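Heads up: the structure comes next, in structure tokens.
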Amino acid sequence: MTDFTATRALFDIPEGLAYLDGNSLGPLPRAAGARVARMMQDEWGAMLVTGWNRAGWMEAPARAGDRIARLIGAPAGSVTTGDTLSIKLWQALAAAVRMRPERRVILSDSGNFPSDLYMARGLCELLGEGWRLRVVAPEEVAGAIDDSLAVLMLTEVDYRTGRLHDMAALTAQAHGAGALTVWDLAHSAGAIPVDLAGAGADFAVGCTYKYLNSGPGGPAFIYVAPHLAGDALPALPGWLGHAAPFAFDAEYRPAEGVARMRVGTPPILQLAALEAALDVWEGVEMADIRARSIELSEAFIAGVAARCPDLRLASPRDPAARGSQVSFRHPEGYAIMQALIARGVIGDFRAPDILRFGFAPLYIGMEEVAQAGDTLAEVMAKGLWDRAEYRARAAVT
Ligand SMILES: *Cc1c(COP(=O)(O)O)cnc(C)c1O
């Protein structure tokens with residue numbers, strides 16, 4: 001069994017805070033500061049450019065990728081890290097569409113994150129020749145899969161509602177129609193058990209700064225199923241995805257396997273923070289994370305339902321149908337969330353009316369659930385949110 005008292009002690013979270021926003025930005029792992037400082041002094045400072053060889057910087061993206069692979073049901077060697085999620089999504093999607101040149105449709109759902117939809121539409125515009133993004137409601141995805149489809153591109157857990165897609169079933173259905181799949185695991189990696197190999201997923205991408213706690217701007221990851229990696233052409237053929245970067249060939253030749261999805265110089269400082277963050281996951285079982293996450297979210301929903309009649313649950317009531325977050329709707333959601341944050345309960349707001357709370361068992365327990373529930377009940381009962389200062393929108397919500 002995972003020892004959550006032990007994992008909690010590995011994070012530096014301000015005293016008295018109920019931090020329910022690790023689904024947006026994970027908290028600081030205690031060891032990250034020292035790890036980054038050591039990297040700067042002993043590696044960058046002392047080794048300078050020789051650090052690429054002597055400190056293993058060049059292998060850092062693959063090293064982190066292998067450790068993430070364990071958490072998402074992927075074999076070693078099938079995941080690499082770098083760039084941002086939006087860029088990794090573009091790469092995966094571009095590689096997938098090139099493997100289905102006789103088709104013209106990318107299918108996604110209206111619950112997907114805007115950047116994913118923008119990237120897909122941008123790619124279609126660039127490709128021209130009738131390529132289009134088709135967007136349907138999340139519950140209509142299965143019915144919209146047919147043999148015009150080149151790629152099914154979905155985010156497994158809806159960033160607003162937490163609704164969970166059935167990855168294995170939809171992947172099997174897409175394959176049955178001759179299409180490939182690109183899964184975005186932004187709200188899955190570190191949140192719920194994922195079995196990419198078992199589901200037969202073709203491509204997957206995700207970020208590391210949410211449930212994996214690598215810090216703001218931490219590198220993204222990309223998975224390519226090993227049997228496809230030799231045929232998947234990177235749409236961003238950078239020199240570090242070349243088979244022999246230091247041959248400085250004028251002609252591009254893709255590296256073996258997922259390494260071809262690397263683009264340019266990796267973010268070594270952020271990778272050092274990511275490596276420290278991944279240390280926390282040693283000995284953590286995703287099945288334990290899932291069981292505890294459900295306990296926490298069920299207790300939160302029950303407490304809110306009993307005391308806040310004006311908040312409407314936006315997440316599936318069945319825990320098996322949602323990820324590791326719980327959302328409620330209210331027309332004054334933004335002001336309510338600001339009132340909560342002012343009282344030490346940090347969640348976030350997603351337009352137009354969603355109050356979002358993430359449950360990360362590594363560092364959240366029943367105490368924070370009770371604190372958040374009590375504070376929310378008081379804010380609602382006394383109308384404490386109803387102040388001009390809580391309605392003033394900040395740039396980042
Ligand atoms: C968080 C998130 C992103 C953000 O992409 P970045 O390039 O890292 O800014 C994209 N897609 C989904 C589904 C997300 O949840």
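Note that this is a predicted model, so its numbers are computed, not measured. Counting starts at 1 for both ligands and their atoms, in listed order.
The side-chain contact (heavy atoms from CB on, under 4.5 Å) search around Arg163 returns Asp109, Pro138, Asp158, Thr161, His165, Pro316, not counting sequence neighbours.
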Using a cut-off of under 3.5 Å, which N/O atoms of ligand 1 pair up with protein N/O atoms, and what distance separates each pair?
residue	atom	partner	partner atom	Å
ligand 1	7 (O)	Thr84	OG1	3.4
ligand 1	7 (O)	Leu85	N	3.4
ligand 1	7 (O)	Ser86	N	2.8
ligand 1	7 (O)	Ser86	OG	2.7
ligand 1	8 (O)	Tyr209	OH	2.6
ligand 1	11 (N)	Asp116	OD1	2.7
ligand 1	11 (N)	Asp184	OD2	3.4
ligand 1	15 (O)	His187	NE2	2.8
ligand 1	15 (O)	Lys210	NZ	2.5

Exercise answer: donor-acceptor pairs, residues 261-271 side-chain atoms, under 3.5 Å, sequence neighbours excluded:
residue	atom	partner	partner atom	Å
Arg262	NH1	Met58	O	2.9
Arg262	NH2	Met58	O	3.3

Donor-acceptor pairs are to be reported for all side-chain atoms of residues 348-360 against protein atoms at under 3.5 Å, with residues two or more places apart or in another chain.
residue	atom	partner	partner atom	Å
Asp348	OD1	Arg356	NE	2.8
Asp348	OD2	Arg356	NH2	2.7
Arg350	NH1	Thr397	O	3.4
Arg350	NH1	Thr397	OG1	3.4
Asp353	OD1	Arg329	NH1	3.0
Arg356	NH1	Tyr159	O	2.9

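Residues Glu285 and Arg290 are not paired through a salt bridge, judged by the lack of any N-O separation under 4.0 Å between the basic side chain and the carboxylate. With respect to the salt-bridge test (charged N to carboxylate O, under 4.0 angstrom), the residues Asp386 and Arg391 qualify.
Under the 6.0 Å cut-off for aromatic ring centres, Phe246 and Trp52 do not qualify, their centroids lying 6.0 Å or more apart.
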